[in-house]
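Below is one structure, written out as structure tokens; comments come after it.
Position 1 is the first residue of the sequence, and the numbers go up from there.
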Amino acid sequence: MAYLIELLTKISQDIMEPISYLPYGLFFGFVFLLCNFVLKKVLGQRFNFKQNVLISAFITYMTVLMIQAFFSREPGSRIGFSLDLFSVIGISLGEDASFVENIIMFIPFGFILTLLIQIFRNAVYCMGLGFTFSVFLEILQLITKRGYCQIDDVLANTAGVLIGWAIPGIFYLLTTKKSNKVYAVKSMGVQ
């Protein structure tokens, strides 16, 4: 129990860094929203508020993610890669926290994409994109030497995408009438 408290304390401390990048993300998300709104008005087109807010949220999230992954670290500060599965778990409190943080970091990826684009309501597509993006991110970190390239990060990130994907579906299932639950499960891409 004491280890769990230490782990949660470490995670809450570490999460403050990406939260500090939120103003930059919100700025870019707001600029997108404003520009798109003005463009739609000038062209006389309908402004889809829900879709544009979700895109803005995704831009905000991706900005914070990119700053955290690349611009918060000195070039060359992290060199190396590991293809050993679960090699970081149980090494230290910091490594365990890092694994959990990688899961948390990708929950918004799955969550927003599931709400934004219908094809990503299918778990296979959503996780496939999340996995592919995570591999791309790890390779870029290896090339730029701004992060360790680890298979554990890819696994944790993909797990985060799955959790993010499941949240809207679980909410929908909990709030939907019994007669619509079968349709809800099918629309989530679960067969």
Any chance you could measure [X], atom [atom1], to [Y], atom [atom2], to the nearest 0.5 Å?
X: Q150; Y: N157; atom1: CD; atom2: CG; result: 10.5 Å
X: Q51; Y: N36; atom1: CD; atom2: CG; result: 8.5 Å
X: L113; Y: F58; atom1: CG; atom2: CZ; result: 4.5 Å
X: I59; Y: L33; atom1: CD1; atom2: CG; result: 8.5 Å
X: Y172; Y: L174; atom1: OH; atom2: CG; result: 12.5 Å
X: T114; Y: N122; atom1: OG1; atom2: CG; result: 10.0 Å

Ignoring hydrogens and geometry, is there a side-chain-to-backbone donor-acceptor pair from W165 to R121 under 3.5 Å? yes
Could you walk me through whether C149 and Q141 pass the side chain to side chain contact (heavy atoms under 4.5 Å, CB included) test, one step at a time? CA-CA 6 Å; C149 179; Q141 285 183 330; 5.8 Å; no
Restricting to side chain to side chain contact (heavy atoms under 4.5 Å, CB included), what partner residues turn up for [X], sequence neighbours left out?
X: T132; result: none
X: Y3; result: L93, D96
X: E95; result: V88, I91, S92

So with a 6.0 Å cut-off around [atom1] of [X], is the heavy-atom count from everything else above 12?
X: F70; atom1: CZ; answer: yes
X: Y24; atom1: OH; answer: no
X: F133; atom1: CZ; answer: yes

Path from [X] to [Y] over hydrophobic side-chain contacts below 4.5 Å:
X: L155; Y: L65; result: yes
X: M66; Y: F30; result: no
X: V161; Y: F171; result: no
X: L7; Y: I15; result: yes
X: V38; Y: I55; result: no

Connected hydrophobic set around V135, excluding itself, where side chains approach under 4.5 Å: F131, I139, I143, V154
Under 4.5 Å side-chain linkage, directly or through intermediates, the cluster mates of L39: L43
Quick check: do V53 and F49 have side-chain heavy atoms less than 4.5 Å from each other? yes
List in chain and number order the residues that pass ring pair (Phe, Tyr, Trp, His ring centres under 6.0 Å) with F37, two or more places apart in sequence or in another chain; answer none if no residue qualifies. F47
Could you list the donor-acceptor pairs under 3.5 angstrom formed by side chains in residues 97-110, with sequence neighbours left out?
from, atom 1, to, atom 2, distance (Å)
N102, ND2, S98, O, 3.1
N102, ND2, D153, OD1, 3.0

Which residue pairs pass the side-chain hydrogen bond (donor to acceptor under 3.5 Å, both in side chains) test when at least one of the two sits in residues 55-68, sequence neighbours left out? none
Check the pair L162, T158 against side chain to side chain contact (heavy atoms under 4.5 Å, CB included), reporting the backbone distance first and the verdict last. CA-CA 6 Å; L162 178 62; T158 306; 6.0 Å; no
Sorted by first residue and then second, give each salt bridge (Lys or Arg N to Asp or Glu O under 4.0 Å) pair with at least one member in residues 6-17; sequence neighbours left out. K10-D14
Output all residues satisfying side chain to side chain donor-acceptor pair (under 3.5 Å) with Q45, sequence neighbours left out; order by chain, then residue number. K40
